[in-house]
Amino acid sequence: LTAYNSLLAALVKNSMDVKALTVYESMKQTKLVPSMYTYTLVIRATSKCQGWESAYRLFNEMLSKEIHKPNVFVYNALISAYGRAKKWNRALQIWDKMKQVGCKESMGTCCLLISTFVGCRQFEPALEVFFLVIQRGWRPTDSMYKGLICVSAHEGRWMLALEFFHEMVASGARPSLLACNSLINSIGKAGQWNLAFQVYNWMRANGLCPDAYTCNAVLNAFMNAGEYDQGVQFFLNMKESGLHLDREVYNVALVAYQKLKDWKGALGLLKEMDTRGVQPDVMSYGIAITACEAGGQTSLALMVYEHMKNVRCTPNTYVVAALIRICKRQSLWHIARKIFEESCRAGIEPNIYVYNALIDVFYKSKQVTLAKNLMKQMHIRGCKPD
RNA sequence: UUGCGUCACACUUUAAUCC
């Protein structure tokens with residue numbers, strides 16, 4: 001038995017799981033009775049190459065022999081299999097079973113359970129395990145703290161996440177980049193841009209290097225709170241720092257400019273995207289055009305439209321509606337109509353925003369007949385007026 | 001002999017209409 005167990009252990013340790021299983025099969029041919037250690041090893045091996053079901057089968061097979069009562073290692077091996085398979089429900093069941101049969105959880109059990117629940121975003125069970133750890137008088141591991149910060153943040157419980165964060169720091173550990181990111185994100189979603197920014201500053205002061213997630217989370221906090229000025233500022237700082245920013249981040253920054261009615265800033269950024277090799281998409285152009293609209297820059301908006309055509313970027317309803325609205329100020333109904341027709345020819349199905357914009361332009365330009373006709377057309381195409 | 005050595009897993013993001 002010792003020889004078999006040693007061999008199995010060596011194989012499992014080196015991820016030779018299939019080999020381990022064949023060794024186990026050959027062991028079954030003998031009269032040897034597998035020990036708990038054997039089962040632990042084989043459950044581990046089989047769960048890795050044949051999934052959690054096989055681990056469960058083996059576990060039951062072991063129970064049916066009624067030779068031994070499973071020890072905590074066997075339970076842990078099974079929980080580990082469930083965790084890797086994201087079967088948090090099963091992990092919860094087996095944990096219940098442990099309690100029923102009076103098998104006491106080890107620190108390892110708790111680590112596994114928390115890891116499983118966090119991975120499946122199960123806030124309540126993760127918290128329950130954490131309390132058990134405290135209750136036993138154990139010191140939670142760093143990973144437990146990290147996991148709880150993440151799962152609490154994900155649940156929208158940012159105050160709790162912040163508490164875990166503080167506890168972790170107080171215990172002398174450093175929260176991970178990921179934990180900080182989810183914390184910032186959660187705080188930002190709750191509209192607490194100031195607090196989110198404080199966590200960001202803490203990160204930098206403590207040697208954690210912000211990544212794209214951090215950038216998004218902080219930027220999002222500002223945007224959410226309507227702090228567009230600070231959003232722009234932050235974006236510029238991140239750009240300055242040399243962090244690679246993708247198109248979506250650029251688009252968020254464009255929105256900040258748009259909200260500030262800063263058409264110069266928006267157009268500048270759009271141009272910069274081109275030169276930096278970040279391809280603007282329809283949305284980038286749409287936001288820039290809307291910024292021009294907000295700033296009353298009709299001809300610039302139309303120039304952006306021309307540019308789009310040059311680079312073969314097909315507009316969408318956002319773009320078309322914004323362009324049409326821009327024509328209102330100077331009653332440029334013929335241009336608005338041209339844009340509308342072009343978009344229809346390009347196969348862009350007008351929506352209520354587009355129709356409303358064009359009707360508005362016609363109305364402002366005293367083209368009541370055109371407006372009426374458009375309403376009829378709208379009706380025929382199955383778009384309901386609001 | 002089980003868990004966070006490693007790997008894996010868990011975190012983030014965008015626009016629009018009249019008055």
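Naming convention: chains lettered A, B, ... in sequence-line order (proteins, then strands); numbering from 1 in each chain. Here the structure is a predicted model, which means the values were calculated and not measured.
- Residue Tyr250(A) contributes atom OH, which lies 18 Å from atom P of U14(B) at whole-angstrom precision.
- Here Ser115(A) lies in heavy-atom contact (under 4.0 Å) with a base.
- Closest approach to the Met283(A) side chain among U12(B), A15(B), A10(B) is made by A15(B) (side chain taken as heavy atoms from C-beta onward).
- The residue Lys48(A) sits apart from the nucleic acid: no heavy atom pair falls under 4.0 Å.
- The distance between atom CD of Glu248(A) and atom P of U14(B), rounded to the nearest whole Å, is 8 Å.
- Looking only at side-chain heavy atoms (C-beta outward), Val319(A) and Val304(A) stay at 4.5 Å or farther from each other.
- Per the geometry, CZ belonging to Phe117(A) stands 20 Å off C1' belonging to C11(B), to the nearest Å.
- Here Arg247(A) lies out of heavy-atom contact (under 4.0 Å) with every strand.
- Comparing the same atom, P, in U12(B) and in C18(B) gives a spacing of 33 Å after rounding to whole Å.
- Distance check on atom C1': C7(B) versus U13(B) gives 28 Å, rounded to whole Å.
- Side-chain nitrogen and oxygen atoms of Arg44(A) include at least one within less than 4.0 Å of the OP1 or OP2 phosphate oxygen of G3(B).
- The aromatic rings of Tyr200(A) and Phe197(A) lie parallel to each other, with less than 30° between the two planes, well short of the 60° mark.
- Remark: the Asn185(A) side chain and the U12(B) base include no donor-acceptor N/O pair separated by less than 3.5 Å.
- Residues Lys309(A) and Glu342(A) form a side-chain contact, since some pair of their non-hydrogen atoms from C-beta on lies under 4.5 Å apart.
- The side chain of Lys13(A) places an N or O atom within less than 4.0 Å of a non-bridging phosphate oxygen (OP1 or OP2) of U1(B).
- Between the side chain of Asn316(A) and the base of A15(B), at least one donor-acceptor pair of N or O atoms lies under 3.5 Å.
- A16(B) and C11(B) are spaced 30 Å apart, taking the C1' atom of each and rounding to whole Å.
- Residue-level contact check: Met107(A) touches the bases, meaning some heavy atom is under 4.0 Å from a base atom.
- Taking 3.5 Å as the limit, the base of U1(B) and the side chain of Tyr37(A) contain no donor-acceptor pair of atoms between them.
- The side-chain ring of Tyr213(A) is stacked on the base of C11(B), judged by centre separation under 5.5 angstrom and plane angle under 30 degrees.
- Of all nucleotides listed (A10(B), C18(B), U14(B)), A10(B) comes nearest to the side chain of Leu178(A).
- Remark: Lys328(A) is in phosphate contact with C19(B), judged by side-chain N or O atoms under 4.0 Å from OP1 or OP2.
- What separates CG of Leu177(A) from P of C11(B) is a distance of 14 Å, to the nearest Å.
- The CG atom of Leu374(A) sits 14 Å away from the C1' atom of C18(B) (whole-angstrom rounding).
- The nearest whole Å value for the distance from the CZ atom in Phe222(A) to the P atom in U13(B) is 16 Å.
- For Thr141(A), taking side-chain heavy atoms from C-beta onward, the closest of the listed nucleotides A16(B), C11(B), G3(B) is G3(B).
- Among the protein residues, Asn351(A) comes within range of the nucleic acid bases, having at least one heavy atom under 4.0 Å from a base atom.
- Taking the six-membered ring wherever Trp is involved, the centroid distance between the rings of Phe73(A) and Tyr39(A) does not fall below 6.0 Å.
- Looking at Trp333(A) and Tyr363(A), their side chains never come closer than 4.5 Å, going by heavy atoms from C-beta outward.
- A sub-4.0 Å separation between OP1 or OP2 of A16(B) and a side-chain N or O of Lys259(A) is present.
- Comparing A15(B), U12(B), U2(B) by their nearest atom to the side chain of Ser106(A) picks out U2(B).
- Rounded to whole Å, the C1' atom of U14(B) lies 24 Å from the corresponding atom of A10(B).
- Residue Tyr353(A) places none of its side-chain N or O atoms closer than 4.0 Å to OP1 or OP2 of U17(B).
- Proximity note for Asn76(A) (side chain, C-beta onward) versus U2(B), A10(B), U14(B): the nearest is U2(B).
- Shown are Tyr257(A), Tyr228(A), Tyr250(A); of these, the ring pair (Phe, Tyr, Trp, His ring centres under 6.0 Å) with Phe235(A) is made only by Tyr250(A).
- Not one side-chain nitrogen or oxygen of Lys86(A) sits closer than 4.0 Å to the OP1 or OP2 atom of A10(B).
- Nucleotide U12(B) holds its P atom 10 Å from the CG atom of Asn216(A), rounded to whole Å.
- Residue Gln258(A) is in sugar-phosphate contact alone, with no base atom involved, counting any heavy-atom pair closer than 4.0 Å across all strands shown.
- Phe117(A) has its side chain out of reach of Leu127(A): every pair of non-hydrogen atoms, C-beta onward, lies at least 4.5 Å apart.
- Separating the CZ atom of Arg329(A) from the P atom of U17(B) is a distance of 14 Å, rounded to the nearest angstrom.
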